[in-house]
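These notes concern the structure reproduced below.
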4 protein chains.
Amino acid sequence: MSSTETVEVTGHLLDTGVLARVLDDVLEYGGDYRVDRLDLGREHDDESYARVCVGAEDTDTLQRILMRLQTHGVNKVDPGEAVLRPAPRDGVFPDDFYSTTNLETEVRLDGSWVPVEQPEMDCGLVVVQGRVRTVPVSDVRAGDRVVCGASGVRVVLPPQQLEEGAGFEFMTSAVSSEKPQALLVRQIAVLIRDVQAAGKRILWVGGPAIVHTGAAPAMVALVRAGFVDVLFAGNALATHDIEAALYGTSLGVDLSHGAGVPHGHEHHIRAINTIRRCGSVAAAVEQGVLTRGVMHALVEAGKDFVLVGSVRDDGPLPDVYTDVIEGQRAMRAQLREVGFCIMVATMLHSIATGNLLPASVPLVSVDINPATVTKLADRGSVQAIGIVTDVGLFLEQLARELVPTYTGTATAAIAT
Amino acid sequence: MSSTETVEVTGHLLDTGVLARVLDDVLEYGGDYRVDRLDLGREHDDESYARVCVGAEDTDTLQRILMRLQTHGVNKVDPGEAVLRPAPRDGVFPDDFYSTTNLETEVRLDGSWVPVEQPEMDCGLVVVQGRVRTVPVSDVRAGDRVVCGASGVRVVLPPQQLEEGAGFEFMTSAVSSEKPQALLVRQIAVLIRDVQAAGKRILWVGGPAIVHTGAAPAMVALVRAGFVDVLFAGNALATHDIEAALYGTSLGVDLSHGAGVPHGHEHHIRAINTIRRCGSVAAAVEQGVLTRGVMHALVEAGKDFVLVGSVRDDGPLPDVYTDVIEGQRAMRAQLREVGFCIMVATMLHSIATGNLLPASVPLVSVDINPATVTKLADRGSVQAIGIVTDVGLFLEQLARELVPTYTGTATAAIAT
Amino acid sequence: MSSTETVEVTGHLLDTGVLARVLDDVLEYGGDYRVDRLDLGREHDDESYARVCVGAEDTDTLQRILMRLQTHGVNKVDPGEAVLRPAPRDGVFPDDFYSTTNLETEVRLDGSWVPVEQPEMDCGLVVVQGRVRTVPVSDVRAGDRVVCGASGVRVVLPPQQLEEGAGFEFMTSAVSSEKPQALLVRQIAVLIRDVQAAGKRILWVGGPAIVHTGAAPAMVALVRAGFVDVLFAGNALATHDIEAALYGTSLGVDLSHGAGVPHGHEHHIRAINTIRRCGSVAAAVEQGVLTRGVMHALVEAGKDFVLVGSVRDDGPLPDVYTDVIEGQRAMRAQLREVGFCIMVATMLHSIATGNLLPASVPLVSVDINPATVTKLADRGSVQAIGIVTDVGLFLEQLARELVPTYTGTATAAIAT
Amino acid sequence: MSSTETVEVTGHLLDTGVLARVLDDVLEYGGDYRVDRLDLGREHDDESYARVCVGAEDTDTLQRILMRLQTHGVNKVDPGEAVLRPAPRDGVFPDDFYSTTNLETEVRLDGSWVPVEQPEMDCGLVVVQGRVRTVPVSDVRAGDRVVCGASGVRVVLPPQQLEEGAGFEFMTSAVSSEKPQALLVRQIAVLIRDVQAAGKRILWVGGPAIVHTGAAPAMVALVRAGFVDVLFAGNALATHDIEAALYGTSLGVDLSHGAGVPHGHEHHIRAINTIRRCGSVAAAVEQGVLTRGVMHALVEAGKDFVLVGSVRDDGPLPDVYTDVIEGQRAMRAQLREVGFCIMVATMLHSIATGNLLPASVPLVSVDINPATVTKLADRGSVQAIGIVTDVGLFLEQLARELVPTYTGTATAAIAT
């Protein structure tokens, strides 16, 4: 071990298992460790402190280990100053750039710790006039000053502290208490009200199953009552919603088998053509062509939506970003002031949003497919709370909790 | 084709695809066919009539084809008389026994058509004093007179007619109408009320997820309000329910990951031991040991339950049938007067019950796992309507629909 | 029924169930029918002929029904001439445009039937100088002459004929024969050799699980042996492959739980940055930076690949199309002379490719997730044969069948 | 905290996370802790030592916590002597009985540590003439002397030590190395040879998918080559295997959709009736009725099998235990000398076997369904290695590795 560095970490190291993960990561990245000091929180509310000497064969490996450990809130005892190097070309970072996490981070410039603005994972850190921003590799410009190596960088709010403060006490409490799902919906409703009362925005990310499960009326009620500030989705949710609105039908879903209905209903491509003729979803509302549904409700309520396309799209609708990098930029521009994010029935756009969100924004993912929830957490959205349930019944219950005048999808559907 | 026989079928042959399935089955079983006559229902409400000559290399193959076709409501033009042969030994049918379906069937004895009592699939037909009963192979006795071959047997109510009359019009209607899940729950509530009003019994089949998803209070409300006449389950549902009742805890479920909680909570084996000491679930209620939960509610309401064990059981509870054949007999004895069956979150006991039920009993299977629903239909329960949804929210909604005083699991849990 | 039209269809109508589906669709689309004539194939190898009068309340509905029925190979008895109308604006079809299927189709212009070039679903038909091309809505230009309504359009090769000729006799044969999976792999190997011998190209569509399951060596062997003419993929497959090549590691997969490894391995973003610095994947090979893996093998062998991005991408690699519509165009440009398509472990790019492929190209989809296979067929790729299996073992077996010198991933990995 | 006890644990406490789990469990069971001493292994190969004082409100709670902690290898510093109490009735333990784990355990009697014979989870410990046996609650007799409380009991071999010695080094090694599935199969083959060379028996647990995926020829090859000493299964595997053998057919599986074939093939009930007439599977082989397949191979090779029924069974075959408790006893009787267990495609019988097996027996679970693997580990079979893969291709590869003369299912099937 020719290169070594001493790091330290404070917190609930034992009962959260974080120390185990830290030591595991050192080995996995090809390094080795020696625990120099461990001050135990003797009782379970006390914090512990650990100081660990980390070694590696070469400086490069050591730097990577140190950057990795920061994702656990482990920082260098002697942080040093940030090293800045110019980006060699547009769209290219220096080789040893510091790869960001989505955690609250600070960079030491001229002896002072400067907070990173809008933390986002897998970005570089660019310093401009004493401010530090996250920049994705596609957006870096030649000559931008980029933080390199782990020197002078520290993570302020590690994930285990996030979990404690996320406002979902009963979900993360000991498993010996019962957790009825209906109670869970109520808890989310309370959180949404709190976030709103605090002046923060509610971000929704949704997939077409919102329409297929018959939950569109519940979703419309939530939009109208002001609980949806911005919606991220793809071409499919908007198209199916509009198809249902235009043709009095929808793709439907075969409830007896839980499977989608065979393709060939060319209605969806006609719906897209109609909106393209109008010019945009908003224009279709204005022209009286689109008179109901989720997209209509968003336009009427003056709420934002960002639709980003994918390679399997038909059409698409004129509002859809066909360039995914531009789509990411549009999504990023909507993240300021978001205080809560709820993802419903979409893996692609959920992961895309999770990639962009700071870990400090509470995040609930609702899907009947457990893989969606698991993947989100695996990819770094450590704050994600997953609810594996039926999207239709979930939104129905949530609308009942949040919107006193909402009398239920069933009634709404019968009345229509 | 040395052996041939002419069969006929009447009904909505074209738009239901039944004729295609019939001809397909003939080929698959190694036979061949010639369509001799096809009188078309020209408009879509008209019935059609088909007469088909079926051939096979030998009589045995032909007989098997004919028995198979009866599952589609296809009967011989010249039905003949039933052939009866004695069972050679206890627990053994004659080689060419008629293997039953779960459809309404009649047997021709001395020129008269006698209805089969309590249709059940994969049984033999035993004739005693002019009556015809279904008998499973384990229960046949040496010398019992068993119907052999397809001669003198006809299916009266084929599956496509069942589907039309099952009371779920909107579910089987064209897919172009929307099918919100909340509306579906309401429809099931209506059906349950109707069945009850007609003096029939409601059969529930349940798995432990009823407890894990926090739906026990909803289930208790349904029991108390009289919507559960009999419950089929295994050792697990009863044990987890009782464990929750005795220890104020339950195995719980990690809602954030949808996964079960690790084993090792030895509470469940203590709960079992406690009930074994009392002697039975009912005795535990009587002795004041068991004071809440689903099993307690059933005992208090004087309702029946049949618990049948499996090889993975711990204990089991003293009420559990450890012999599965005896368990099947106990289940069979509860099927009289059942007018509706609802299966919730259990594959093993759902398929077991599907094996025993006549196809004429409407059947709803609710599970978050689509495989449960698919397997049930694949194994012959053609009347099964599957609902792929969250069990907790489903029972919550159903209790709200059926029990006016039920204010919700959330409230109930908080109050407790 | 104020509007009526007579249609006809020839083929194996009864045993394939196609007539049932046709009549069902008429009702579902709000029309009605009268079967005027049905000439039965009496024996099961004979074709049948049906003539059906279809009616609807208005001409628009009737036209939609007729367009729908063409997906089953049902055409008008009196086909008429194609009606052409100019596209009103760039990117907008006339309201009543004919929405295409992926089946072989002909258009009647001046009394002659002209074949549609490169059939593709959900497009319009544009006529230029007597030729008829499929054009997606995004690519139509104002004034283009677009076929409208169902008049003068007929489907030549309906799906049930496709199925018969797809070269997978044993897969679609009666279920009574055994179908060992190893035999299935061998059958696909035979088909790939046949397609190649016929001078056609083999198209692969792949997801990152090819790398995660350790199947990259098998894939490299297939590329080198000439069995991969073109690869469609996203940023993920290429990135994980390159990451494994550059760092001697990969994201790996936790075989004991079947789950992905947690994110945070910032290797992937470094791998992307490295290739961006080189300029392209090919440049990285040329510069000696990228020296092994699937992408390296494709470049060395001079084979094509099309990488199309998605909104969840990091980076992306410089070769990735970030505009999904441009990506679709690039994929479309590679479809000429494709004689076989195999899709491995990707839902997004499989469906995207299925959207573009004519139904006449045999298609195999291999995924451990049954939903991928089901969705592909549901969305109109009727020719898709699905294989639900493990991708790693499947590619291993396929490489052994096709590449005599391939001694197995295990050996390859040990040797490295 | 009125009751306290001091416990200690030695091992790789930090990097395995075991200390975190221990402290977590104390809180979850309603207790509290104080870490009195922690001697760190400073380098990652060193063992650590922890001494923790555990407290609870009452003695009962404390005893339960202590029993729970033993599952992690945490024992009392002052172990005391075992407390024995008589079972109050047949089939009932004393209230505070010690509930066993499947780990190696010792009981202190008269100052000496006596090893528990045949460790099994969820049992009681009965002392007879100085020997200590695990006894399930159903088998305890009134007056049997049962160990109560945690006093005088210690776990010798905790799970984290098991994991290290299980012989699957590369599976549990750092994720940065590649893990091709083909290499995994080879590793299992090596382990099977090693176990056999050590004179231990190989236990297989199998489900009907072995037949459905066409893997029966591979399985037969493994039986004949001596790699299957005993098979645990249900009625279904044996019935489908015998049906395939008798009728030259099998239920088959629709490979294009991964779904089972619809029921109604009454062949399976005829196959059962045939074997019932013979008297047993072995008798059917002897009488020349059963001439091929997996069951035939087992009988010919003189190998043992235990078939235990379930409530969904038809028939069953005469060899099937219909009483599940008797079935458990028969399985238990086969566990002596088992050195390796492989479970293939069955959740019910896998969990049942996991319940009975000591944790010291290496265990591999192979299933295309990740839930099977997860549930097994959740229920206490900590040593289980899960492989989520295709059963057909897995057995094919394993047979090729282990049986030099095996030329593959494909060839075998073609030859037949």
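Order of the sequence lines fixes the chain letters, A, B, ..., with proteins taken first and strands second; residue numbering starts at 1 for each chain.
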Given that the side chain runs from C-beta out, which part of C:V311 has a heavy atom under 4.5 Å from chain A: side chain, backbone, both or neither? both

Side chain proximity check, C:P136 to A:D314, heavy atoms < 4.5 angstrom: no

So A:M121 and C:I269, side chain to side chain contact (heavy atoms under 4.5 Å, CB included) or not? Walk me through it. CA-CA 10 Å; A:M121 66 175 90; C:I269 192 71; over 6 Å; no

Considering only heavy atoms and a distance below 4.5 Å, find which of C:I272, C:D25, C:D95, C:V308 pairs most often with chain A. C:D95

I'd like to verify something: which residue of C:T274, C:D313, C:L356 has the highest number of heavy-atom pairs under 4.5 Å with chain A? C:D313

First locate atom CE of A:M347, then atom CE of C:M347, and finally report the distance between them rounded to the nearest 0.5 Å. 8.0 Å

Between A:S138 and C:R276, which heavy-atom pair has the shortest distance, and what is it? CA-NH2, 3.4 Å

Side chain, backbone, both or neither of C:P318 within contact of chain A (heavy atoms, under 4.5 Å): neither

Could you tell me the separation between the OH atom of A:Y321 and the OG1 atom of C:T322, rounded to the nearest 0.5 Å? 14.0 Å

What's the separation between atom CZ in A:F97 and atom CZ in C:R270, rounded to the nearest 0.5 Å? 4.5 Å

Against chain C, work out which of A:G327, A:G315, A:C123 has the most heavy-atom pairs shorter than 4.5 Å and name it. A:G315

Which atoms of C:D96 come close to chain A, meaning under 4.5 Å heavy atom to heavy atom: side chain ones, backbone ones, both, or neither? backbone

Let me know if C:R89 has heavy atoms under 4.5 Å from chain A in its side chain, its backbone, both or neither. side chain

So which residue, A:N273, A:V92, A:V137, ends up with the most heavy-atom pairs under 4.5 Å with chain C? A:N273

Shortest non-hydrogen pair, A:P316 vs C:I325, comes out as CD-CD1, 3.8 Å

